[in-house]
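Read through the structure below, which is laid out as structure tokens, and then see the notes.
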Amino acid sequence: MAEEITTAEYQALAELRYRLRKFVGEGDAVARAAGVEPQQYLLLLALRGLPEGMEATIRTLAERLALKHHSAVELIDRLELHSYVRRSRSRDDRRSVLVSLLPRGEKLLEQVARDRIGELRASGSALVNALGALLENGGPRGRGKRQLNSSKKGSGK
């Protein structure tokens, strides 16, 4: 039988969602103020933040942003138009298109990312606390404690 979701879990989930939405919304505003759309900033961030050894193909970037291939292509088109990124063919596989960050894109990305990192350092504890509150009662140990407490109540002890 599935365990009931507690009021504290609903509250923690709502708080986490609020904190995430607030962070994302503020980031969108910072990106727009810097002169790019939020999705364009996210593509620049995904490009610069790729794990080591991962090639910056359009397919990879689309996957990292949870976008369809053609949507990633449109974003790259707009970023390339403003000289933020450049496309080139892979030397290993000419069918594969690689995307690279240009100095202008690097500068813009750093401007927005610096703000976002500063915001996380200033108020990230509220986000961490919201996540912590949700995870506190999760997992095998937390669920076991709650079940034990519930069975104590029912046994009259």
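Note that the coordinates shown come from a computational prediction; the quantities given were computed from them, not determined experimentally.
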As an exercise, state the distance from CG of Leu43 to CG of Leu79, rounded to the nearest 0.5 Å.
6.0 Å

Counting neighbours of CD on Glu63 that are heavy atoms of other residues, nucleotides or ligands and sit closer than 6.0 Å, is the number greater than 12?
no

Apply side chain to side chain contact (heavy atoms under 4.5 Å, CB included) to Val30 and Glu26, showing your working.
CA-CA 6 Å; Val30 172; Glu26 290 169 356; 5.5 Å; no

Glu74 atom CD, neighbour heavy-atom count above 12 within 6.0 Å:
yes

Rounded to the nearest 0.5 Å, what's the gap from CG on Leu47 to CE on Met54? Could you check?
12.5 Å

For the hydrophobic clusters of this structure (ILVMFWY residues joined by side-chain heavy atoms under 4.5 Å, transitively), does one cluster hold both Leu16 and Leu120?
yes

Looking only at non-hydrogen atoms, find the nearest pair between Ala62 and Ala72 and report the distance.
CB-CB, 3.7 Å

Just by modelled atom types, is the Glu119 backbone N or O under 3.5 Å from a matching donor or acceptor in the Ser123 side chain?
yes

Going from CZ on Arg86 to CZ on Arg104, what distance comes out if it is rounded to the nearest 0.5 angstrom?
14.5 Å

Start with the C-alpha gap between Arg116 and Phe23, add the side-chain angles, then the distance that decides, and say whether side chain to side chain contact (heavy atoms under 4.5 Å, CB included) holds.
CA-CA 8 Å; Arg116 304 319 305 141; Phe23 179 75; 3.0 Å; yes

Taking Gln40 for its side chain and Arg78 for its backbone only, find out whether a donor-acceptor pair lies under 3.5 Å.
no

Shortest non-hydrogen separation from Ala113 to Tyr41 and the atoms involved
CA-OH, 4.0 Å

Inspect the contact between Asp77 and Arg87 and indicate whether a charged nitrogen and a carboxylate oxygen are less than 4.0 angstrom apart.
yes

Heavy-atom closest pair, residues Ser96 and Thr57
OG-CG2, 3.4 Å

Quick one: pull up CZ in Arg48 and CG in Leu44 and give me the separation to the nearest 0.5 Å.
11.5 Å

Minimum heavy-atom distance between Gly49 and Arg64, given as atom pair plus value:
O-NH2, 4.4 Å

Could you walk me through whether Leu98 and Ile58 pass the side chain to side chain contact (heavy atoms under 4.5 Å, CB included) test, one step at a time?
CA-CA 7 Å; Leu98 301 175; Ile58 294 174; over 6 Å; no

Roughly how far apart are Leu134 CG and Gln11 CD, rounded to 0.5 Å?
11.5 Å

How close do Leu65 and Ala46 get, heavy atom to heavy atom, and via which atoms?
CD2-CB, 4.1 Å

Under 4.5 Å between side-chain heavy atoms, counting indirect links through other Ile/Leu/Val/Met/Phe/Trp/Tyr residues: same cluster for Leu102 and Leu108 or not?
no

d(Glu9 CD, Leu135 CG) to nearest 0.5 Å is 10.5 Å

Flag yes if Leu75 and Leu101 sit in one hydrophobic cluster, no otherwise; membership is Ile, Leu, Val, Met, Phe, Trp, Tyr, and two members link when side-chain heavy atoms are under 4.5 Å apart.
yes

